[in-house]
Number of protein chains: 2
Amino acid sequence: MASIKDVAAEAGVSVATVSRVLNSHPSVSPGARARVLAAVDTLGYRPNAVARSLRTDQTRTLGLVISDVLNPYFTALARSVEEAARALGYSVIIGNADERPELQDHHVRTLLDRRIDGLLVSPADGSSPQVRDAARGGTPMVFVDRWIPGVDVPVVRADGCPAVRDLVAHLYGLGHRKLAIIAGPAATTTGRERVEAFREALAEHGLPLPDAYIGQGDFQADSGRRATERFLGLGEPPEVVFAADNLMALGALDAIRARGMRVPRDIGLAAFDDIPWFLHTDPPITAISQPTGELGRAAVRALVDVIEGRPPQSVTLPARLVVRRSCGESEQSQRSDL
Amino acid sequence: MASIKDVAAEAGVSVATVSRVLNSHPSVSPGARARVLAAVDTLGYRPNAVARSLRTDQTRTLGLVISDVLNPYFTALARSVEEAARALGYSVIIGNADERPELQDHHVRTLLDRRIDGLLVSPADGSSPQVRDAARGGTPMVFVDRWIPGVDVPVVRADGCPAVRDLVAHLYGLGHRKLAIIAGPAATTTGRERVEAFREALAEHGLPLPDAYIGQGDFQADSGRRATERFLGLGEPPEVVFAADNLMALGALDAIRARGMRVPRDIGLAAFDDIPWFLHTDPPITAISQPTGELGRAAVRALVDVIEGRPPQSVTLPARLVVRRSCGESEQSQRSDL
DNA sequence: ATCGGGCGTGTAATCGATTTCAAGACCACG
DNA sequence: CGTGGTCTTGAAATCGATTACACGCCCGAT
């Protein structure tokens, strides 16, 4: 592969002049510029980003560590992040943690080794020392979706509490009183928040949230399945199950179907995170929708602010309830939101 | 951030010795080794991968350019690729082409600028000069899923022809005669192959594939919707629609539902690519399943073979039909494959 | 004619690693 | 005591860029 030296030789100038042309510095004569450009063309020269990064101490690359690539919510987020970053001239390297803290740490470490300019993290656990150290060490960083309390880093996320309250009111209005939740890991902020919001919303209607109605999940389909099986085996099973993410909702659907039961006839189902497929499940699923596109854009904006020395801002966007048919809604309410 | 010089100073040795310890060269005295390790520890030193790459001319990074991150088939593939690469000590940078040739070329270019050790590509178009040049230029490369004819690069893919034949036989057995297909872009190999396999399989049963029954799609949901609308507006609409990927199947489902029709009562639906959600749609969808995990592993193996100078092998794996309920299958055949 | 100030250009230092080469220390053997 | 070999070690070159600095040149002002 041709290097800047080859270009300089071909154009009959020094490497400094080549570099100046490539970086559009002002003081280069038109003649030299033309010869350099011609040489670049005939050699098919492309600057070596590795060498450039070493010298300039910036890679124009952002790291994004997400909890699970197979989760459509996170791929939608990843996509909007990449798009926003590209518009600003940055590339992004995605690390998939698979909800495993040690994998998350692995990715953070290799990303740091590569000297990415900034890091977007949705922590799989609540206290990764790796992440803490990176933040303390001065790596530009912003949390997206989930965060780690006590680490001084901007957070970009959606606030699901009002939407959860809407959901509970909706379920109450449909006559449901026995409501269960499949929670996410207590180590994650979203895992905790959603249970708390649910509990508080229930309390507003004078409803309890017994321990038996809290299933401990890990945001993966299988845990949703197991939790739902336990619910269904209860002497007094819940009337509606609320899954704290879309994958666990999928697992719940599995478990319900395996028992030969039907949604919503035998049991209702609602989910946090809305994804295109929820329109086409049997039945379409009532869900809480997050503005992933805006979330990704805001996260990149905040991170680039940190990188370029501007004061960054935490951003909280609203999530909203999308009513469909999985909780025994009437035809009427169904149609209004389809 | 501490550099190797700082470590050398702290340990009271030269940078050469530090480097030797870090790369576990044999000839370092136990004392020096211990002091270096201690220095590394107190400074929290991590080698700069950028500098290392510049010197060694290898990044231990693979590039993966996929056609669409929002397509669960490709995220499953990306996941298995990353996993296999990690096991071999490589990182993966994913580029999402969004089915747009110019975006694909953008990613190939920046990946090459970053001097990745090898490239895994699922080309969004049939003739990217960018990709051709990279291959000719000697960049280790492997095509996965789709490929570009005439470019001498190993291909790792699933052969869907037998499964398509099985599908057509299955549909024929159910009494369907009017079969339509929503094709992928003719610029992609998978786009063409699936139509051809479908046409040939129909011919085996003496069935025609009229032009009116070929919808031109682009592997995205919206095109599936439009093609299906056209089918439904025909004087003699098809009895079954076969979508050449899962996203277009989703669009088809939309279109059918928008007309107030039901699957499979009013029209049947089948899809290429199987994804977990197909079990939970209304109704569960009969689909052709690809072995994404094995595909990803084989692709990485082949690419690393090229990189490390071993003779690489093209790999073709079988796809298989998964019968569910979206084509008017009886309860019996449904249960056997659920 | 002299001086000052741009402007265009090249030389060389630099970024943080790896690696070659030579040299010093030490030991064993004759 | 001299010789040769092994084992450790460090100095310096190198990878491919960017950039500070200096130099030569030309032009206009005095």
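Every chain is numbered from 1 and lettered A, B, ... according to where its sequence line falls, protein lines coming before strand lines.
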When we call it a touch if two heavy atoms are under 4.0 Å apart, what does B/Ser29 touch: a base, just sugar-phosphate, or nothing? sugar-phosphate
With a 4.0 Å cut-off on heavy atoms, is A/Val13 in touch with a base, just the backbone sugar-phosphate, or nothing at all?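 Sugar-phosphate contact only - A/Val13 comes under 4.0 Å of backbone atoms but never of a base.
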[options]: which one has an atom nearest the side-chain heavy atoms of [X]?
| X | options | answer |
| --- | --- | --- |
| B/Val28 | D/dA12, D/dT9, D/dA20 | D/dT9 |
| B/Ser3 | D/dT18, C/dT18, C/dG16 | C/dG16 |
| B/Tyr45 | C/dA17, D/dT19, D/dT9 | C/dA17 |
| A/Lys5 | D/dA12, D/dC15, D/dT9 | D/dC15 |

Would you please confirm or rule out a distance under 4.0 Å between OP1 or OP2 of [N] and any side-chain N or O of [X]?
| X | N | value |
| --- | --- | --- |
| B/Asn48 | C/dC15 | no |
| B/Thr56 | C/dT18 | no |
| A/Thr17 | C/dT9 | no |
| A/Ser14 | C/dG10 | yes |

A/Arg20 or A/Ala2: which one's nearest nucleotide on DNA chain D is closer to the 5' end? A/Ala2
State plainly whether the residues A/Arg146 and A/Glu99 are in salt-bridge range, i.e. N to O under 4.0 Å.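 Here A/Arg146 pairs with A/Glu99 in a salt bridge, since their nearest N and O are under 4.0 Å apart.
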Would you indicate whether the side-chain heavy atoms of A/Pro72 and A/Leu247 approach each other to under 4.5 Å? yes
Under the 3.5 Å rule, do the base of D/dT18 and the side chain of A/Arg52 count as making a donor-acceptor pair? no
Rounded to the nearest 0.5 Å, the OG atom of A/Ser67 sits from the CZ atom of A/Arg100 at a distance of 13.0 Å
